[in-house]
Amino acid sequence: MDVSAIPGVPDWLSGHLQDEGIEALYPPQAEAVEAGVTEGANLVASVPTASGKTLVAELAMLSAVAGEESGPGSDASGASSGPLSDGGKALYIVPLRALASEKAEEFEQFERYGVEVGVSTGNYDSDGGWLADKDVIVATSEKVDSLVRNDAAWIEDLSCVVADEVHLVDDGQRGPTLEVTLAKLRQLNAGLQTVALSATIGNADELADWLDAELVDSNWRPIELQKGVHYGQALHLEDGSQQRLEVRNGESETAAIVRDTLADDGSTLVFVNSRRNAEAAARRLASTTREFLDADEREALAEIAAEIRDVSDTETSDDLADAVEGGAAFHHAGLASDHRSLIEDAFRDRLLKVVCATPTLAAGVNTPSRRVVVRDWRRYDGSTGGMAPLSVLEVHQMMGRAGRPGLDPYGEAVLLANSHDELDELFERYVWADPEPVQSKLAAEPALRTHLLATVASGFASSREGLLEFLERTLHATQNADRNELERVTDRMLDYLEVNDFLTRDGDQLQATGLGHTVSRLYLDPMSAAEIIDGLRDWERAGGTSAGRERAETAGDEAEAEEPAGFTRASELAADHGDDDGPREPPSALGLYHLVARTPDMYELYLRSGDEEEFTQLAYERETEFLGPMPSEYEDDRFEDWLSALKTARLLEDWASEIDENEITDRYGVGPGDIRGKVETTQWLLGAAESLAGELGMDCVPAIREARTRVEHGVKSELVDLASVRGVGRKRARRLYEAGIRTRADLREAEKAVVLGALRGREKTAENVLENAGREDPSMAEVEPADIDGIETTTTGGGDGGSGTADDPEDQSSLGDF
DNA sequence: GCGAGCATGGTTTAGACAGCATGTC
DNA sequence: CTAAACCATGCTCGC
């Protein structure tokens, strides 16, 4: 189909597409248009990655935004310049924050035609105006859910919603959110056009059924993708052909493939099953890639390596930089996000010849590659007690990264076999296999617990019947004729929510309590909220001293077990513990970190051998600090979870005690990215805890706030004020403090020479800091840095030796980028 | 007596969403 | 029910 023949889209679009070099639509895109995607039709598109899904979304959104009047057959309705606010608003839902910014950047190409694009995620809102002024909004599914819960007014103006990677409704953890959110948006707005984009899956027809949508189900790709398996000295491809691909002596199969690809000037993406494997493989492959680098590339890579070392001074960072110098890299969630984007960019720029990655990269931003090697097709899975094979969908997603449209003549995706039997098995299992069907996971207790409360609290249902009726709009209902299971879990979760005071029941009628509304608005799992409330109440009741802090009695244990039979609250059972006459000490930071760390909203840290002993000991040493009862050592599972939370809490306490980042990564066996992740989650949960405590009229609000601020900046109490100045992180704050500057107010009064000395003679940094502290005359001109003990001063002369910004990263290890 | 090289056994294991306030056009 | 790479340790063997 020619781009000028697309109905329903703004007049400028065909010209724009032609300028971009797009003359004709790809077959699946044309199918989507024929199905009416530009005329308001609902659509499910199940197509391979990189087959032009984004353009389908753009067509749908632009036609919706442009408004009805430019529908089929209508003439050019006035100049198509100026804001398109006369039409509706489009929402694009993504699964990852990184994808939100990537997509928004892509959509910004339409801003010159007046289409305003906005982004909204948990840690980032696009600046320059409210979302209500935007025509196209990109957001994560959780953010959209949250916006619906909080009654964002513009939701009603939506005329089109696009759900990207909709096959993720299959995910047990986050799938139900997408499912429920789509159902809510569609209930709110009967005329809402729904477009769902999915990887190729087996049961796209069921999704279409659910969404009352047309279906485009296609395997078409713009560049050829050959799947295959390497075994021995040959690459066996799915078309039956074989290529000789020799593995030299002492060389790994992967290295041979990387070398072979490089000989053809292509790059390789290697998927492995653990972080450690990714790092080890990158280290080894660097010796292969190094030989292929020319002088320019070496230089460019050395620069990137330096930037990597600047991000953080951990071992991970160093190892990564070493590999990058050789033209290889690893990529996993233990990396800081700056690390990740440096690697992604360098790979796209073809500087890096190979990236060894865990699945982060398969689901994340677009990083295509000539060849993809799926080295490990099994991954450790504790629940099955060993190595479990990856799903076909997951392997296909990885393989789909092969071949860069417009750049590579073709893509190849390769699995590795160690035996002839394995060769056959891999062909059967992955090359020729169809992906598994996508299955709703809504009936799981944690999912319903959260979404039932939110559904009642935000007014979508006010009775048990109403809830069940609402659930009829979900994929779960489409897929399961039998309603008994869903009904049973619903009743169980309603009991749970009632017992914990999140909602009240009057006959069939349901109403969220004030607390229930707060929990829903804060986006907390009700179980997290209950844990936090119980912990805080227990502390207040016990008078904040060690009185009554004895370990759990049997009754208390039962109350905290996952979905206990009677849903009895720990706080009720723990009544009349202590005498109230002692002074009420506020809870310690460690106690508060532990409280939020044992909540289901915080991902658990793995307990290594030796950890159990170490943290059991710590638990007894600091017994008086914990909020709520400590489970008995003899209840294995519960105690282990509790200890694992203690490990997390201890990590956070270390961070908030100004322990070096590399010391922490060492001590806890985590990467820099993990620290940042934990800190971020803690900030959010402590913020929520603060709101809850405030609402319940508790005394511990200031203690919670301090613990949160400390973890936010990674500083001890005395630096909290200084670290709140923009441009001052944990390291600079400490140096200023040592130089006698202890508060923001001090910064406004202090002698400039001292400030400059404390900031190691960096004039621009010092000026910035003073300005941010509110000083009237921040200029550092003609100021000589004072000599301060233990602080090395860089050469004066106004500048950071070339790096354009005022910040010198190695000087700061703060979390400034949130 | 010493150290390189190997066998052995123990250890470890992917990912990542969310609040609010505040400022500003 | 299932793995595999990494690492520390301790051994053998050759000199």
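Proteins come first, then strands; the chains are lettered A, B, ... in the order of their sequence lines, and each starts at number 1.
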### Query
If you look at every strand shown and take non-hydrogen atoms under 4.0 Å, does Arg340(A) touch a base, only sugar-phosphate, or nothing?
sugar-phosphate
### Task
Report the nucleotide, chosen from dA18(B), dT13(B), dG15(B), that has the shortest atom-to-atom distance to any side-chain atom of Thr360(A).
dG15(B)
### Task
May I ask you to say what Thr681(A) touches in the nucleic acid, namely base, sugar-phosphate or nothing, with a heavy-atom cut-off under 4.0 Å?
base
### Query
Would you call Asp322(A)-Arg283(A) a salt bridge at under 4.0 Å N-O?
no
#### Entry: Stepwise side chain to side chain contact (heavy atoms under 4.5 Å, CB included) check, Thr665(A) with Glu315(A)
CA-CA 8 Å; Thr665(A) 52; Glu315(A) 207 182 316; 5.8 Å; no
### Task
Send over the distance from Arg676(A) CZ to dG15(B) P, rounded to a whole Å.
16 Å
### Task
Return the minimal non-hydrogen interatomic distance between Ser644(A) and Leu607(A), and the atom names on each side.
CA-CD2, 4.0 Å
### Query
Is there a side-chain polar atom (N or O) of Arg97(A) under 4.0 Å from OP1 or OP2 of dA18(B)?
yes
### Summary
In B/S/- notation (B base, S sugar-phosphate only, - none; protein heavy atoms under 4.0 Å), nucleotides 2-7 of chain C written 5' to 3' is BB-BS-
### Message
On the six-membered ring of Phe460(A), is Lys184(A) placed so that its NZ or CZ lies under 6.0 angstrom from the centre and within 45° of the ring axis?
### Response
yes
### Query
Taking for each residue the nucleotide of DNA chain B bearing the nearest heavy atom, is the 5' side occupied by His332(A) or by Arg708(A)?
His332(A)
### Query
Asp674(A) CG to dT13(B) C1': how many Å, rounded?
13 Å
### Task
Let me know the distance between CD of Glu165(A) and P of dA16(B), rounded to the nearest Å.
13 Å
### Task
Look at Thr140(A) and dA18(B) and indicate whether a side-chain polar atom (N or O) is within less than 4.0 Å of OP1 or OP2.
yes
### Message
Give the dot-bracket line for DNA chain B from 5' end to 3' end: parentheses for intra-strand Watson-Crick or G-U pairs under 3.5 Å, square brackets for crossings, | for inter-strand pairing, dots for unpaired.
### Response
|||||||||||||............
### Task
For dC1(C) and dA14(B), measure between their C1' atoms and round to the nearest Å.
23 Å
#### Entry: Side chain of Ser274(A) (C-beta onward), nearest among dC20(B), dG15(B), dT13(B)
dT13(B)
### Task
Apply the test side chain to side chain contact (heavy atoms under 4.5 Å, CB included) to residues Arg708(A) and Thr682(A): give CA-CA distance (whole Å), side-chain angles for both, the deciding distance (0.1 Å), then the verdict.
CA-CA 7 Å; Arg708(A) 179 167 60 82; Thr682(A) 306; over 6 Å; no
### Task
Considering just the side-chain nitrogens and oxygens of Ser609(A), establish if one lies under 4.0 Å of OP1 or OP2 belonging to dT12(B).
yes
### Glu111(A) atom CD, neighbour heavy-atom count above 12 within 6.0 Å
yes
### Message
Just the rounded figure in Å: distance from P of dC25(B) to NZ of Lys134(A).
### Response
14 Å
### Distance in angstrom units between Gln173(A) CD and dA18(B) C1', rounded
12 Å
### Task
Using a cut-off of 6.0 Å, state whether more than 12 heavy atoms not belonging to Glu108(A) lie near its atom CD.
yes
### Message
Nearest to the side chain of Trp130(A), heavy atoms from C-beta on, is which of dC20(B), dT24(B), dA16(B)?
### Response
dT24(B)
### Query
Given dA16(B), is OP1 or OP2 found less than 4.0 Å from the side-chain N or O atoms of Lys678(A)?
no
### Message
Suppose the criterion is salt bridge (charged side-chain N to carboxylate O under 4.0 Å, His left out): which pairs have a residue in residues 375-390 of chain A, not counting sequence neighbours?
### Response
Arg379(A)-Glu394(A)
### Message
Can you work out whether Gly610(A) or Thr358(A) has the more 5'-proximal nearest nucleotide on DNA chain B?
### Response
Gly610(A)
#### Entry: Sugar-phosphate only, base, or nothing, as touched by Leu96(A) at under 4.0 Å among non-hydrogen atoms
sugar-phosphate
### Separation between OH of Tyr124(A) and NZ of Lys143(A), rounded to the nearest 0.5 Å
13.0 Å
### Query
Should we count CZ of Arg726(A) as having more than 12 external heavy atoms under 6.0 Å?
no
